[in-house]
Amino acid sequence: MNITRIASLLFILFALVLLLVYGRALMIPFLFAVLFWFFVRQIKNVLDRVDWIRRKLPSWIKTTFASLLILGTAYMIARTLTNSINRLVNSYQKFEPNVDKFVQGIESEFGINLLQVVNEHVGDLDFAFILGSMFNTLTDLLGNTLLIIFYALFIFIEEAYFQQKLRGIFTTGEKYDGAVQMLRKVENSVTRYTGMKTLVSLLTGVLSFLVLRFSGIETPLFWAFLIFFLNFIPSIGSIVATMFPALFSIVQFGEAGPFLLILFGVGAIQVIIGNLVEPRLMGNTLNISPLVAILSLSFWGAIW
């Protein structure tokens, strides 16, 4: 009996993985639609804290306002990112020879043969390809905007009947109350984490922007956006977010000064906020394991 259950479980998991792999064109927009619905719901909750808004405005007006606010913000961010990426890709060939200049300067200063080693590692780090991949991903996401809105519309419609359907699933009042309590606990945890993480990431991005602007790196706003987004990834996100603009400064300037300024300046911001500010705001309630985060990124990266 246990073997049968294990075999059934493995078969279900295998089927789900196949569904995720071959249904990614439909599943990824649906996932973004769920996130869109979640953020609209949170904005409505914030609006309902104002007494006259809660009493006077119907739900559809608050939903429309929240949706337009999110779509407008997303459009401005997407436009800024696409313009910045295009600017970086167009200027990359002009900056690329500075890598050899930087390596030769280090080699002559310290008498160490770093040219071959750096060419093997930094030479393989094709920023133009990485930036092009970001641009393609952003373009695909914008191309699926109508599908995301379409999914979100049906989620909003189903939300009105969710409580009724939940009562139909759980026949007893005790089971229904337990399910509702569990869903509320999950929503509160996700809301608290998302809100605090957004605040912390925004603070990190703003402070990093000041350092990047001072260093003179190309399109500091783009790198600040990248730091903001990558900061949502526990542990390794802050490391990647610091290394990308630092390495690109070598490509742009061919000097160690801007590289060290960005590496230690942005790195210090990440360390201070990540180890002092964030724990005080968020506590250790979620207890996210770095190993689990890395494995999850590897798994979802392989699938999607």
Side-chain angles (χ1 to χ4, degrees), residues 28 31-32 35-36 38-39 42-43 69-92 95 125-145 148 193-253 258-259 261-274 277-278 293 297 300-301 304:
I28 293 179
L31 176 62
F32 277 101
L35 291 175
F36 179 80
F38 174 78
F39 284 119
Q42 300 312 311
I43 293 175
L69 179 63
I70 294 175
L71 291 174
T73 303
Y75 172 77
M76 289 188 295
I77 292 175
R79 185 174 181 179
T80 302
L81 291 180
T82 50
N83 291 337
S84 298
I85 291 174
N86 282 327
R87 182 177 172 184
L88 287 173
V89 171
N90 293 332
S91 62
Y92 175 76
F95 295 145
L125 188 62
D126 192 347
F127 275 101
F129 175 77
I130 295 174
L131 293 171
S133 299
M134 291 182 181
F135 180 79
N136 292 333
T137 301
L138 192 59
T139 303
D140 292 340
L141 182 59
L142 291 176
N144 288 324
T145 301
I148 294 173
Y193 174 78
T194 305
M196 289 298 180
K197 195 66 177 179
T198 300
L199 178 62
V200 170
S201 299
L202 184 62
L203 178 61
T204 304
V206 170
L207 295 178
S208 299
F209 172 78
L210 297 178
V211 175
L212 294 167
R213 184 68 180 270
F214 180 77
S215 70
I217 195 172
E218 192 84 4
T219 62
L221 186 60
F222 166 75
W223 298 114
F225 269 126
L226 189 64
I227 291 171
F228 168 78
F229 288 124
L230 290 178
N231 201 56
F232 281 88
I233 302 175
S235 304
I236 63 174
S238 58
I239 299 175
V240 175
T242 303
M243 292 304 299
F244 261 100
L247 291 174
F248 189 84
S249 69
I250 298 177
V251 177
Q252 178 178 343
F253 299 104
F259 169 78
L261 173 62
I262 295 174
L263 184 65
F264 289 105
V266 176
I269 293 172
Q270 297 276 12
V271 170
I272 293 173
I273 293 180
V277 178
E278 187 172 350
L297 287 172
W300 289 107
W304 283 352

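No experiment lies behind these values; they were computed from the predicted model shown.
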Determine the interplanar angle of the F228 and F232 rings, folded into 0 to 90°, and report it as parallel if under 30°, tilted if 30 to 60°, perpendicular if over 60°.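 Rings of F228 and F232: perpendicular, over 60°.
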To the nearest 0.5 Å, what is the distance between [atom1] on [X] and [atom2] on [Y]?
X	Y	atom1	atom2	answer
L226	L221	CG	CG	11.5 Å
I227	F244	CD1	CZ	11.5 Å
Q252	T219	CD	OG1	8.0 Å
I217	L212	CD1	CG	6.0 Å
Q42	T198	CD	OG1	10.5 Å

Please give me the minimum heavy-atom distance between [X] and [Y], naming the atom from each residue.
X	Y	result
L261	V211	O-CG1, 4.1 Å
G205	A224	O-CB, 3.6 Å
S249	P258	OG-C, 3.9 Å

For residues 262-270, which side-chain donor-acceptor pairs fall under 3.5 Å, sequence neighbours excluded?
none

With sequence neighbours excluded, what pairs up with S201 under the side-chain hydrogen bond (donor to acceptor under 3.5 Å, both in side chains) test?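 With neighbours one apart ignored, the set is N231.
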What about W223 and F209, are their ring centers closer than 6.0 Å?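 No, the ring centres sit 6.0 Å or more apart.
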Would F39 and T194 count as a side chain to side chain contact (heavy atoms under 4.5 Å, CB included) if you check the C-alpha gap in whole Å, the side-chain angles of each, and the deciding distance to 0.1 Å? CA-CA 10 Å; F39 284 119; T194 305; 3.6 Å; yes
For a 4.5 angstrom cut-off between non-hydrogen side-chain atoms, does L199 reach L203?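 In short, these two side chains do not touch, never coming nearer than 4.5 Å.
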